[in-house]
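Worth saying up front: this structure is predicted, and the values here are computed from it rather than measured.
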Amino acid sequence: MIDQGVDAHEEFGARLLPGKTVGSNDTQGAPISGGTEGNSKNHGVACAGIIAAAHDNSLGIKGIAPNSYIVPVNISPDNNSQGFFQS
């Protein structure tokens with residue numbers, strides 16, 4: 001999951017694996033900054049949920065690939081939409 005980070009979530013359980021954060025502050029793919037509803041910190045979790053949300057619980061949505069594992073790659077550790085593409 002290449003995005004702005006993925007936090008642990010009950011929809012993923014143990015299927016969220018350690019990942020990679022671009023730059024020197026490696027948070028293993030977790031978001032670094034943010035935290036309010038609708039900002040980029042939540043974007044990676046929302047996208048990962050579309051992919052891998054569980055089917056066997058009463059939470060949220062059902063993912064399109066509920067048995068898949070998520071390996072997050074945070075390409076925007078500074079909460080900047082340009083991430084490492086910024087010049």
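Between Asp7 atom CG and Asn42 atom CG the span is 8.0 Å, to the nearest 0.5 Å. The structure places CD1 of Ile75 at 7.0 Å from CD of Gln4, a figure rounded to the nearest 0.5 Å.
Pro18 and Val71 get closest at one heavy-atom pair: O-CG1, 3.8 Å. For the pair Val6 and Phe12, the tightest heavy-atom approach, listed with the atom from each and the gap, is CG1-CE1, 4.0 Å. Nearest heavy atom pair, residue Gly44 against residue Met1, reads O-CE, 4.2 Å. In terms of heavy-atom proximity, Ile51 sits nearest to Ser68 at CG2-OG, 3.9 Å.
Judged by distance alone, the side chain of Glu11 and the main-chain N or O of Ala54 form a donor-acceptor pair under 3.5 Å. Side chain of Asp3 to backbone of Gly5: no donor-acceptor contact under 3.5 angstrom is found.
A 4.5 Å side-chain heavy-atom check between Arg15 and Ile70 finds every atom pair outside the cut-off.
Other residues sharing a hydrophobic cluster with Leu59 under the 4.5 Å side-chain heavy-atom criterion for ILVMFWY residues do not exist; the residue is a singleton.
Residues passing the salt bridge (charged side-chain N to carboxylate O under 4.0 Å, His left out) test with Lys62, sequence neighbours excluded: none.
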